[in-house]
Amino acid sequence: MANQKLDQLDKQILKMIGEDARTPYLEVARACGVSGAAIHQRIQKLTSAGVLQGSKFIIDPEKLGYETCAFIGLNLKNPADFDGVVEKLERIPEVVECHYTTGDYDLFIKVYARNNHHLLNIIHDQLQPLGIARSESLISFHSAIDRQLPISDLLAAASNG
């Protein structure tokens with residue numbers, strides 16, 4: 001479903017549930033001036049089209065003792081090993097994101113560790129044996145911006161452009 005196929009009701013629904021996925025359908029329905037059944041149908045349509053991809057609770061890693069967040073650029077010894085390396089990265093629970101990228105790295109990952117010593121162990125004991133030629137780590141002190149796409153702004157811009 002392309003942006004231009006979203007009507008005003010779809011946009012209103014996306015804005016509300018994008019801000020809080022736990023907003024009850026009846027509350028969304030009241031705000032939109034339609035029935036709860038209509039909201040349920042629209043959300044199913046948006047989900048089937050792939051616009052919505054579920055909902056989840058956000059766990060704060062720091063509250064669980066994972067105080068170090070790092071981004072690590074990886075260069076593989078053999079770039080043909082991409083798929084196998086990604087499969088192995090999936091088995092490392094501290095690796096929470098993995099991106100194929102352009103630029104200086106073959107892969108770019110996000111890792112949470114309990115502390116810097118734990119991060120060193122992850123790099124040395126779990127990443128290096130995967131066939132990493134070189135890595136570069138960047139430790140994040142704090143996430144200044146962490147959000148979903150601002151639905152209302154993007155949809156307004158898409159309909160104007």
Out of curiosity, [X] [atom1] to [Y] [atom2], how far, rounded to the nearest 0.5 Å?
X      : Y      : atom1 : atom2 : value
Lys56  : Ile58  : NZ    : CD1   : 5.0 Å
Cys32  : Glu27  : SG    : CD    : 10.5 Å
Thr101 : Phe108 : OG1   : CZ    : 7.5 Å
Leu6   : Lys11  : CG    : NZ    : 7.0 Å
Gln44  : Gln41  : CD    : CD    : 7.5 Å
Cys69  : Glu94  : SG    : CD    : 12.5 Å

Test side chain to side chain contact (heavy atoms under 4.5 Å, CB included) applied to Ile72 and Leu107, step by step | CA-CA 8 Å; Ile72 304 173; Leu107 297 167; over 6 Å; no
Find out if a path of hydrophobic residues (ILVMFWY) with successive side-chain heavy-atom gaps under 4.5 Å connects Leu119 to Leu74.
->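 Leu119 and Leu74: one cluster.
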Co-membership, hydrophobic cluster, residues Tyr112 and Leu89, 4.5 Å side-chain =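 The answer is no; the residues belong to distinct hydrophobic clusters.
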Is there a side-chain contact between [X] and [Y], using heavy atoms and a 4.5 Å cut-off?
X     : Y     : value
Leu14 : Leu52 : yes
Ser48 : Lys45 : no
Val86 : Cys98 : yes
Glu19 : Ile17 : no

What residue pairs, at least two apart or across chains, pass ring pair (Phe, Tyr, Trp, His ring centres under 6.0 Å) with a residue in residues 15-53?
->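 Qualifying pairs, neighbours excluded: Tyr25-His40.
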Pairs flagged by ring pair (Phe, Tyr, Trp, His ring centres under 6.0 Å) wherever residues 51-96 is involved - sequence neighbours left out |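 Sorted pair list: Phe82-Tyr100.
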Looking at every non-hydrogen atom in both residues, tell me the closest pair between [X] and [Y] and how far apart they are.
X      : Y      : value
Gly36  : Ala29  : N-CB, 3.7 Å
Pro129 : His124 : CD-O, 3.6 Å
Val96  : Pro93  : CG1-O, 4.2 Å
Gln12  : Ala31  : NE2-O, 3.4 Å
Ser143 : Ile145 : OG-O, 3.2 Å

Does Gln8 have any side-chain hydrogen bond (donor to acceptor under 3.5 Å, both in side chains) partners at least two apart in sequence or in another chain, and if so, which?
->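 Gln8 satisfies side-chain hydrogen bond (donor to acceptor under 3.5 Å, both in side chains) with no residue once adjacent residues are dropped.
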Could you pull out all residues at least two apart from Asn75 that satisfy side-chain hydrogen bond (donor to acceptor under 3.5 Å, both in side chains)?
->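 side-chain hydrogen bond (donor to acceptor under 3.5 Å, both in side chains) list for Asn75, sorted by chain: Arg134.
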Flag if over 12 foreign heavy atoms under 6.0 Å of CG, Leu64 |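 Yes, the 6.0 Å shell around CG holds more than 12 heavy atoms from other groups.
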Between the main-chain N or O of Leu76 and the side-chain N or O of Asp106, is there a donor-acceptor pair closer than 3.5 Å?
->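 Yes, the answer is positive, given that a donor and an acceptor are paired below the 3.5 Å cut-off.
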Kindly determine whether Glu97 and Ile109 satisfy side chain to side chain contact (heavy atoms under 4.5 Å, CB included), including the steps that lead there.
-> CA-CA 5 Å; Glu97 291 182 28; Ile109 63 174; over 6 Å; no
Evaluate side chain to side chain contact (heavy atoms under 4.5 Å, CB included) for Val111 paired with Ile122, printing each intermediate quantity in order.
-> CA-CA 9 Å; Val111 174; Ile122 293 168; 4.0 Å; yes
Salt bridge (charged side-chain N to carboxylate O under 4.0 Å, His left out): which pairs involve residues 29-43, sequence neighbours left out?
->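 Of all non-adjacent pairs touching residues 29-43, those that pass salt bridge (charged side-chain N to carboxylate O under 4.0 Å, His left out) are Asp7-Arg42, Asp10-Arg42.
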Can you tell me which residue pairs pass the salt bridge (charged side-chain N to carboxylate O under 4.0 Å, His left out) test with a partner in residues 63-82, sequence neighbours excluded?
->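 Listed by first then second residue: nothing to list.
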Run through Ile43, Leu9, Thr23 and flag the one making a side chain to side chain contact (heavy atoms under 4.5 Å, CB included) with Val28.
->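 Exactly one candidate clears the test, Thr23.
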Candidate pair Ile139 and Asn116, rule side chain to side chain contact (heavy atoms under 4.5 Å, CB included), full reasoning = CA-CA 9 Å; Ile139 293 178; Asn116 288 349; 3.6 Å; yes
